[in-house]
Each structure stands twice: as C-alpha cells, then as structure tokens.
Amino acid sequence: MKNQELSKIFFEMADYLEIEGVDFKPYAYRKVALSLDNWKEDVGEIYRSKGIKGLQEIPGVGEGIAKAIEEYLKSGKIKSLEELKKKLPLKVDELLRVESLGPKKIKVLYRELGVKDLKDLGKAAKAHKISPLFGFGEKTEQNILQGLEFLKRSKGRFLLGDIMPTVKIIEESLRARKEIKEVSVAGSVRRQKETIGDIDILVVSENPKKTADFFVSLPEVEKIWAEGSTKCSVRLKAGFDVDLRMVKRESFGSALQYFTGSKEHNISTRKIAIEKGLKLSEYGVFEGNPSTGSGRARQIAGATEEDVYKAIGLSFVAPEMREDDGEIQAVLNGSLPVLIKQKDIKGDLHCHTVASDGKDSIEEMVRSAMDLGYEYVGISDHTKFLGVTNGLDEKEILKQHKKIEELNAKFKKQNLKFRVLHGCEADIMLDGSLNAKDEILEKLDYVIASVHSGMKMEKKKMTARIIKAIKNRNVDIFGHPTGRLIGKRDEYQMDFDKILEVAKENGTILEINSSPLRLDLNGFNIRRAKTHGLKMIINTDSHNKEQLNLMEYGIGQAHRGWAEKADIINTLSVEKLLEFFK
DNA sequence: GCCGTTTTCGGCCCGACTGTTTTCAGTCG
C-alpha cells in the first residue's frame, strides 16, 4: 500500500514549499496528504485499473498531483521533491517539531548558520549563534533550547491512558470551585486521540483572577509558564503541559468547539459558515461583516456547541468524530450515526485472573463487574500448550469451569441476575492452530484467539495463520487484532481487508481492546471493520479488578470509529450473547 | 495546486501571542 508513503511525501513537499515561501501550494499538498492517509483503496491499484483519471477521483488530487503520484509509482521518486531536497538539504520534519520554529526561521537558520537537523540546531543555540541573527533574539534562542529539551524528554506525545487520571483530578478540582460555572476538557483528549500533545481545559469563571491563582497552585503543578486572566499555562509533575483558558459565558460553546478541533474539522466548519455569509471563530458565530460597511458583526450563537453547529446549519457532531473525515457530509445527508454509549455495555469478556497472569481472583473480578452495573463478566485466562506459558492446562480449565458453574448456581439461588461466563484466551500458534484442544474449547462459553508470538512474521504467512485461526469453529473473538503497541510496536504485517472478509464469512467478532497501550482495534480500523459489516466487542483485557474501568478508552475508540450499539455485541443480554456465540 | 449551489478564475480559516521591532512577521493552536 503506497498511500501512506505518498501521504508522507506530500506532507514533506508542503513543508519544503513553505520554507521556499510558496503560497497556497503547501495547503493543497497537506490536504491531499491527509486525504491519502485516510484513503482505503491502494493508490497503486487505482492507477493500474483506472490510470490518471482514477487518481483524480481522490479528493485533493488534481492534474498536477495525479502526475506526481504516477511518477512516484513508476520511478519511486518525485523529481520536484528531489530538487527541493537538493536545494535545501534539511531534516525539515524534525526541525518543524521544535516549538517556536517554523518554516521561515528554519530557512534563516540554514542560510546563515547551515543548520540542517536537530543536532546542528542544538550546537548553534548552545554556542549563542542564534540570538544575533536578524529577527531572532535571546528569548528565541532560549525557546529553541527548551523546545529541544522537551522533544528529547517526551518525544512530544503521551498516551491518553497515562494522562487521563491526572486530567480528571484537575477537572474535578475546578468543578468544585464556586466561582467556576462551566468546565470542559477540550483538544485531542476530548477527541480521545490515542496520544496527546498537551491538554486544554476551558472554564467560565466569575472571578478569573481567583481561578488562575487556584489553578497554578494545584499540587500537580511543577512549573508555571504563564498566568493571566484569560490563559494559564503550566507543566505538571507528570511531565505534560496544561493550558487553562477562561472564556466568556456567551462564547463557551464556540471556544469549546474551536479548542476541541481537529484543526481540519474547524477549517471545514468555518468554510461552511462563510458559505452562509457568517463568520465562525472561537468567540461565536457572527453575521454582518464590518469590513464591507454593513455595520457591526452581530453574534448569533456561541454559548453552547449545539447552538454553534445549529447556527451554521449543522447538527452536533460528537467530538471523537471531528476529524474532517466525512462527518460533515454525514450531518448534511442525515447519516450521522447514533454512537454507542458507555451505559449500553452489559459486560466485559476479556478478564484474566490469578489462575494465569492476573492479580485478582474470579470472585474479586466478579464483584467489581457487579459494582460497575454489568449483567455478566467473562473469565478468559490464557491457555497453555506443553507447559510453555503461565496459562491453564486442560485440567486447570476444567477445574475453573466447575468453580464458575458453582458461582452461577449460587447467584441463581440468591436470585441475583448476574452471570459469569467461562471463556479463555487461546494463543494462535505459528501455524495458525490454537494452543488448546478443540474438545476443551467446545466446553467453554466462548473463545478469544490472539497472537502472542511470531509477531514479525511475513505478510502472506501471517495472513494465512490468522485466517486459519478464525476459521476454527470454536473461535468466537479475534483478540487485539492488529497487535500494535502504541509508540512501541507496529501492527502485524497482514492483509487486513482479507482477514476482515473471512471474519465476516465465519461470524468472527473483532475485539476492541481497551488497554491504553493497545487501543486495538483503533478508531480507523473500527470504521473499516464496520464497513465490512463486522460485529465487534469492547473488552478491557483486565489483569486486575481496577482495569475493568479501562472500558472508557475502548468506548472512545468506538466513537472515533463511528460504532453504534448494534455494532457491539457486549451490549446484548447474556441470553442473546450466548446465542450469538453458538 | 485544487476547486466550484457566489464556478473555469480568484480565492484558499481565524485570531492571539511572541519577540522582535518601532509597526509587524512568524508561529501557534
């Protein structure tokens, strides 16, 4: 699939052209880069079957870019990019990641000091060669050094699951204040992106000074970057930055819409406003344009997000869907999905116990599941083959089975409407067989099959291996299907579309694993699976009772993947669920 | 370079802040 390669190339082109001072073309290249990144058909395939004309059907691809794609497919290179690189032999993408550096400054640094990459930049800054440059100064030099340090320390992004607990604590402390009337987290956290750069929190305060003082003195705060009556910026001890923004009540909705993003979604909504003769900014929706002499702009919406969307002729779009990836089109043609809600979830079927690598007993897991208001919980410890892992062998599974039967009998006697289901997480071996015998698997309520070894297998072999496993009639759920670990390990090499097809034929359910390290399937793949007509299940893969709470992250991805209640099977009652597995 | 319910030319989101200037360009979100 050349789509991602080409996407990267066009982003690079945009960066170089911006440094060259070219107007508007960077915008066009970025647009097509985003478009290609999300395009599901392989560009190479499109070109082979439909040629240049076919390429131009992709949004953002016109004559010029279609030719560039053709050139890349044929030669593996794009001449104009090679020329740009020759002219400016810079590591543009890495330099642009430094806070306070943009294309113009990068160009000056290269021309005057020969700075080509982060290493050169660090040397130049430490030697104080940057501050004397025209347009630069002491402060800029310091900012560059700080930016470099931040990049080194954090690589710029944090896992959603790592920052969420702290964000919630801060949100709650703000919510408890009397002078604060509204509180909401915005930004990529609100959109449930799997990694986060920094945090934006919006409030409406009747006493901004008091709120600011309170915020910067929170125990979580390590360092104060700025304190004012509209914005406070701090670095938390946990390592990431939080901006608190204080906005007027009448602008809270538009500010929330603006700060939630994504940038691309905002650009689209603002364009729609313009088409209707309106102006949308973080202050509200306005009609009348002072510059054309028709008097003062009049605010017609802004207090709530609902009003803002309504004023520009749209309806409310869930934050997780605001990626400018068809959501506005969906609003306009009335096909916006009704997203699954957390309270639709009736149980969690991926739970480990002390029997394999978990920390808590079945009883403890069950108790926590009951506390969450679930109607059932599924115990799914690892299985084992030849005693290699710490999984359960045949005898141990049967023993566990008996224990679960007893528990269910006890609940029935107590008139408790709660069911413990017995499943397992079987390993998909290198040849696609499972590490547990079919006679055992048959006895269980359900079986999750997952890959835990041989993850670097070559694409064809891996595809065949997985297909063999999901064709096993005892397999109900394909666990953490792509195997990626965010920021650490890529997805398995596999023909995922083919696997989705086979899963559809065999009624295999795909897991949405809620572990913040995995989020697998992620939003993008959830949408892909949904398009294939597949059913999914949101599980936590809990290894202790606290982890049952991770469900919210799976829900977040489900929202990003436009999943509805009907797409997710652990919204079913236990009777319907078991029927489904059968 | 792309695009069109103000269409085949003339636009391309919007506002604030920062650090550098002495009125503003560059950067950010």
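Chain naming here is simple, since letters A, B, ... match the order of the sequence lines and numbering starts at 1 in each. Quick note: numbers below take in every heavy atom, side chains included, and nothing from hydrogens, waters or symmetry partners.
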Using a heavy-atom cut-off of 4.0 Å across all strands, would you classify [X] as base, sugar-phosphate, or nothing?
{"X": "A:Asn143", "value": "sugar-phosphate"}
{"X": "A:Val61", "value": "sugar-phosphate"}
{"X": "A:Ile267", "value": "base"}
{"X": "A:Pro26", "value": "nothing"}
{"X": "A:Val22", "value": "nothing"}
{"X": "A:Glu275", "value": "base"}
{"X": "A:Lys31", "value": "nothing"}

Interatomic distance where [atom1] belongs to [X] and [atom2] belongs to [N] [whole Å]:
{"X": "A:Ile19", "N": "B:dT27", "atom1": "CD1", "atom2": "P", "result": "10 Å"}
{"X": "A:Leu96", "N": "B:dT27", "atom1": "CG", "atom2": "C1'", "result": "11 Å"}
{"X": "A:Glu57", "N": "B:dC2", "atom1": "CD", "atom2": "C1'", "result": "16 Å"}
{"X": "A:Arg245", "N": "B:dC28", "atom1": "CZ", "atom2": "P", "result": "14 Å"}
{"X": "A:Lys231", "N": "B:dA16", "atom1": "NZ", "atom2": "P", "result": "13 Å"}
{"X": "A:Lys276", "N": "B:dT6", "atom1": "NZ", "atom2": "P", "result": "9 Å"}

From C-beta outward on [X], which listed nucleotide comes closest to its side chain: [options]?
{"X": "A:Lys139", "options": "B:dG15, B:dT20, B:dC2", "result": "B:dT20"}
{"X": "A:Thr230", "options": "B:dC2, B:dC17, B:dG15", "result": "B:dC17"}
{"X": "A:Phe134", "options": "B:dG15, B:dC13, B:dT21", "result": "B:dT21"}
{"X": "A:Lys271", "options": "B:dT20, B:dC28, B:dC13", "result": "B:dC13"}

How long is the span from the [atom1] atom in [X] to the [atom2] atom in [Y], to the nearest 0.5 Å?
{"X": "A:Ile196", "Y": "A:Asp162", "atom1": "CD1", "atom2": "CG", "value": "10.5 Å"}
{"X": "A:Leu148", "Y": "A:Lys126", "atom1": "CG", "atom2": "NZ", "value": "8.0 Å"}
{"X": "A:Phe215", "Y": "A:Cys232", "atom1": "CZ", "atom2": "SG", "value": "6.5 Å"}

[X] side chain near [N] phosphate (N/O to OP1/OP2, under 4.0 Å):
{"X": "A:Lys263", "N": "B:dG29", "answer": "no"}
{"X": "A:Tyr27", "N": "B:dG11", "answer": "no"}
{"X": "A:Ser100", "N": "B:dC28", "answer": "no"}
{"X": "A:Tyr29", "N": "B:dC2", "answer": "no"}

- Test side chain to side chain donor-acceptor pair (under 3.5 Å) applied to A:Thr140 and A:Asn143, step by step: CA-CA 5 Å; A:Thr140 309; A:Asn143 285 342; 5.5 Å; no
Can you check the distance between [N] and [M], where both ends of the measurement are the [atom1] atom (answer in whole Å)?
{"N": "B:dT8", "M": "B:dC3", "atom1": "P", "answer": "16 Å"}
{"N": "B:dT21", "M": "B:dG26", "atom1": "P", "answer": "13 Å"}
{"N": "B:dT27", "M": "B:dT20", "atom1": "C1'", "answer": "13 Å"}
{"N": "B:dG19", "M": "B:dT23", "atom1": "C1'", "answer": "13 Å"}
{"N": "B:dG1", "M": "B:dT6", "atom1": "P", "answer": "28 Å"}
{"N": "B:dC13", "M": "B:dG29", "atom1": "C1'", "answer": "12 Å"}
{"N": "B:dC12", "M": "B:dT5", "atom1": "P", "answer": "16 Å"}

- Please list, by residue number, the residues of residues 104-115 of chain A whose heavy atoms come closer than 4.0 Å to an atom of DNA chain B; answer none if no residue qualifies. A:Lys104, A:Lys105
- Note on the structure: As its Watson-Crick or G-U partner within any shown strand, both distances under 3.5 Å, B:dT8 has none
- Query: Do A:Tyr258 side-chain and B:dG29 base share a donor-acceptor contact under 3.5 Å?
  - Reply: yes
- Is the charged tip of A:Arg177 near the ring of A:Phe214: under 6.0 Å from the six-membered ring centre and within 45° of its axis? yes
- Query: Do we get A:Arg322 above A:Phe259's six-membered ring, with its NZ or CZ under 6.0 Å from the centre and within 45° of the axis?
  - Reply: no
- Check for a donor-acceptor pair, side chain of A:Tyr27 on one end and backbone N or O of A:Ala14 on the other, with a separation under 3.5 Å. no
- Apply the side chain to side chain donor-acceptor pair (under 3.5 Å) test between A:His265 and each candidate in A:Arg191, A:Glu327, A:Arg270; give the one that qualifies. A:Glu327
- Task: Please work out whether the ring planes of A:Phe158 and A:Phe240 are parallel, tilted or perpendicular, with thresholds of 30° and 60°.
- Result: perpendicular
- Item | Upstream residue (5' side of DNA chain B) when A:Tyr283 and A:Gly137 are each assigned their closest nucleotide | A:Tyr283
- Message: Just to verify, what does A:Lys50 make a salt bridge (Lys or Arg N to Asp or Glu O under 4.0 Å) with, not counting sequence neighbours?
- Response: A:Glu57
- For A:Phe24 and B:dC12, are the ring centres under 5.5 Å apart with planes inclined under 30°? yes
